[in-house]
Amino acid sequence: MKNILTSTIAIVAVLVAFTSCNNSGKSNNSGALSSNNAEKVYVAPGEHDSHYAFISGGYSGNLTVYGLPSGRMFKEIPVFSQFPTNGYGYSEETKPMLETSYGFVPWDDSHHPDISQTKGELDGRWIFINGNNTPRIARISLTTFETEEIIEVPNSAGNHSSSFITENTEYVVAGTRFSVPVPQKDMSIKDYKGNFKGALSFISVDPEHGHMDIKFQVLMPGFNYDLSHPGRGKSHGWFFFTTYNTEEANTLLEVNASQNDKDFIAAINWKKIEEYVNNGGGTMMPANYAHNVYDEATHTATSTMKKEVRVVNPSEVPGAVYLLPTPKSPHGCDVDPSGEYIVGNGKLSANLTVHSFTKMLDAIENKKFAGDAYGIPILNFEDVLAGSVEQPGLGPLHTEFDGKGNAYTTFFISSEVVKWKLGTWEVIDRKPTYYSVGHLTIPGGNSAKPFGKYMFAMNKITKDRYLPTGPEMEHSAQLYDISGDKMELLLDFPTHGEPHYAAAIPAEIIKNNSKKIYRLAENEHPRKATNDAEVKIVRDGKNVHVYMTMIRSHFSPDNIEGVKVGDKVFFHVTNLEQDFDVPHGFAMIGANNAELLIGPGQTRTLTWEPKQVGVWPFYCTDFCSALHQEMQGYVRVSPASSNIELSWSLGDD
Amino acid sequence: MKKASIIMIIGSLLLLGLFKFPLWNIMLGAPQYPDPLGMNIYINGIQGVSEFDLQNIDGLNHYIGMKTIPKPDEMWEFSVFPKVILAMVILGVTIGSLGVFKKISYKFFLGWFILMSILGVLGMYDFNSWLIDYGSNLDPHAIIKVTNPDGTPMSYKPPLFGFQKLLNFDVTSLPHTGGYLMFVGMSLTLVAFWLGRKASLKKI
């Protein structure tokens, strides 16, 4: 019996040995391949990545900057969320950036970054991103990598079908996901149908400064406007929005908004509406929304409340808006680089539907309408259909293009990216993702000129890809080489927040424009101190303004007396350095906000309300020199009744 | 002789390059300065190679107690040197012109060269003693004090010519465009002398 057992074990062992031999043979093969892939993503120490990727932080409210192909994260740019790392949204200069008609909103859900374009090509001047929750659009400078402007979008809710830009950055669009009463009012939710409106906002962008202004809002029927894309090339002048809940249901949308076999892609001829508006069309409507602008010269943001917005009823501009039936709850709405094909990814449909812009124009010209919705003509599905990709996968979401006639679509349910050919609609390749992929990005894949070397997919679930970090892990992105016929998975890398969508661009377009310092000579902050002679402390009632400088490795002044309990102390701190990548930090014990991280040549203000008598230290938080630890100072806080005069010193005993 | 005199004039005029281009250049590279800091030494002052280099060099030097890099009005050299150079150019052109009209012997060309060489050596000597003072006359309250193996305080004097390692910095000190133009100009005056001599020997 024992022998039998032994021999059985021996046989099993042999089998295992053979099997594992086989396995190891296989893994050797893939090992050779993956070492080849490792070389493709290896960026040697000191060398630069070839591309920047700007990946939205989703519910972090921010935007993160990565390098491709290495997948290394370089920076998190604070946009809609307070950011303790550098005091954005805490410092007096940056707090106005987060003002809204709802007051100070220090968080948002940032979704779709889009890089500015000229003639349909990425020009690398700015990147725009939407705040989904409290509808906002932000513009970020790609020279300073700082948020320069945020405009709130009134009459909107769930600013999801944005922030996509037209081919010369004429407009950045902000479509509402949720329709709401316009203007808002107290009414029964049951009366949604026919009473709610979906505002599609066209925000003009000043070609020189990038400053944004809501030019007009199209008040559409009360559907949900999910995603959008501008036309380009031949379809320049049009904007396309996917819709769902064309049923106009108001409860249990999972079921009730999935009844119609077809929803719509709304095609908006914005040039026509622009012309109508320029001729005085539309009506000014009372509104209340914040416009926050950061001035690089004063290093300070200001927030202004705007009081009206121009709205346009689409039925008043004949020929400007049409509805293209599109199978079942389409999500992504993607236009190919030529501007001919509009891909509507019906996320509950088995097939992928592609509309033809030319056919759409023909149908419009021949007035082949299937009916209308609230006065907006509906075209026939067959009349506008360019073709469909048959059963490519489950749950199509988003499509990008490589500029070589191929499209790449993500499939959420079947967790894969499928490559297919425009025009023939045949599937060329498919590769799994890990797991539940949302958006994908090809550098320039959202423009007329894609740089079709890399593609990366952004996934919602990460389990088993990295070392576990408790029940929650960061999401992941996966980088594929798409230069050949078949896609090749090169790299997994973690992303911060929810990597919702991304924009990517060859590094050489922007890296040489990146600012290295802020010039002290150009600092126009009203409370700057650009040399030690300008250092002072001024009492204004209970407010004490400290004009302070910092340089390796001291603050000037470093001893401050005469501050009293109940005062409000404003530290206006200027970094005198004029050296690349040498910020200094400023932190005050007991401050109820954050630190400041101040770039070379910049001025920032931290507010501190001393609550206890004593002598309290402040210090530099950013290890700046061999004497960083010595970069410190004290504030003496006296009782409220004290009559100690303000005084300050540095270096004299 | 005419050819020699013209070369003499050209040679002296090349000194004018010193009014436009730096005489000397000192570069300071270190691991944390992948783009090295640098100063260009002109006959009328010192400038950073990049806009903020001087400020950043001063910022670093304060740790070891060095004085800040002098402004033009803080050193007599920067007002005297331009005058000397200008005088030498005028003198050289005058000698050359007189040579053209055969009013003067080619030996004056050599005289000019010797005078210029003496002035040059004096200038280098002055420059070197300034470097010594700059690098070793340190603030007694300096934060960082480094001593040589024999216990004497380390000098941070940059090399007059060539390369030297100073703590974490690689320091390279070499002539710059103005300096090279001056050397070429001076060499031309020697050539002028040689041609002039050849011409006068032929005549005999």
Side-chain angles (χ1 to χ4, degrees), chain A residues 43-49 74 143 511-523 528-534 549-556 558 574-584 598-602 620 622-632 650-653, chain B residues 25-40 45-74 135 138-147 153-156 158 165-172:
Chain A
V43 177
E47 286 181 10
H48 286 170
D49 281 278
F74 298 143
T143 56
K511 76 171 176 185
N512 295 327
N513 299 331
S514 180
K515 215 178 180 85
K516 292 193 162 68
I517 57 158
Y518 299 95
R519 287 163 168 273
L520 263 182
E522 292 169 6
N523 182 329
K528 68 179 190 274
T530 54
N531 57 63
D532 285 357
E534 291 175 9
T549 66
M550 58 194 342
I551 195 162
R552 281 165 284 180
S553 317
H554 65 266
F555 294 99
S556 177
D558 64 359
T574 304
N575 181 349
L576 299 184
E577 305 281 353
Q578 296 285 267
D579 195 358
F580 181 29
D581 196 26
V582 185
H584 290 294
I598 309 167
Q602 218 174 19
C620 171
D622 188 358
F623 208 111
C624 56
S625 73
L627 295 154
H628 160 73
Q629 286 303 84
E630 284 76 1
M631 193 165 167
Q632 61 184 51
L650 171 75
D652 38 35
D653 296 311
Chain B
N25 166 271
I26 300 178
M27 296 303 291
L28 304 139
Q32 70 271 40
Y33 287 94
D35 294 327
L37 300 171
M39 45 181 152
N40 282 329
I46 301 177
Q47 288 182 19
V49 170
S50 299
E51 190 179 358
F52 297 108
D53 281 1
L54 292 192
Q55 177 179 336
N56 290 324
I57 292 169
D58 282 341
L60 291 165
N61 286 349
H62 96 277
Y63 290 116
I64 49 175
M66 279 165 102
K67 287 192 280 286
T68 55
I69 294 162
K71 305 276 177 297
D73 56 359
E74 288 167 355
L138 304 174
D139 183 344
H141 297 293
I143 300 156
I144 299 175
K145 284 180 180 139
V146 186
T147 50
M154 182 172 158
S155 162
Y156 299 96
K165 188 117 183 133
L166 285 175
L167 296 185
N168 58 327
F169 276 91
D170 296 321
V171 185
T172 314

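Just so we're on the same page: letters track the sequence lines, and every chain starts at 1.
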Where does A:I517 contact chain B at under 4.5 Å (heavy atoms): side chain, backbone, both or neither?
side chain
Heavy-atom donor-acceptor pairs under 3.5 Å, chain A with chain B:
unit_1 : atom_1 : unit_2 : atom_2 : d
A:R519 : NH1    : B:E51  : OE1    : 3.0
A:R519 : NH1    : B:E51  : OE2    : 2.8
A:R519 : NH2    : B:E51  : OE1    : 2.3
A:S553 : OG     : B:Y63  : OH     : 3.0
A:L576 : O      : B:Q55  : NE2    : 3.1
A:Q578 : O      : B:N56  : ND2    : 3.4
A:D579 : OD2    : B:Y33  : OH     : 3.0
A:S625 : OG     : B:Y63  : OH     : 3.2

What part of B:L37 gets within 4.5 angstrom of chain A, counting heavy atoms only: side chain, backbone, both, or neither?
neither
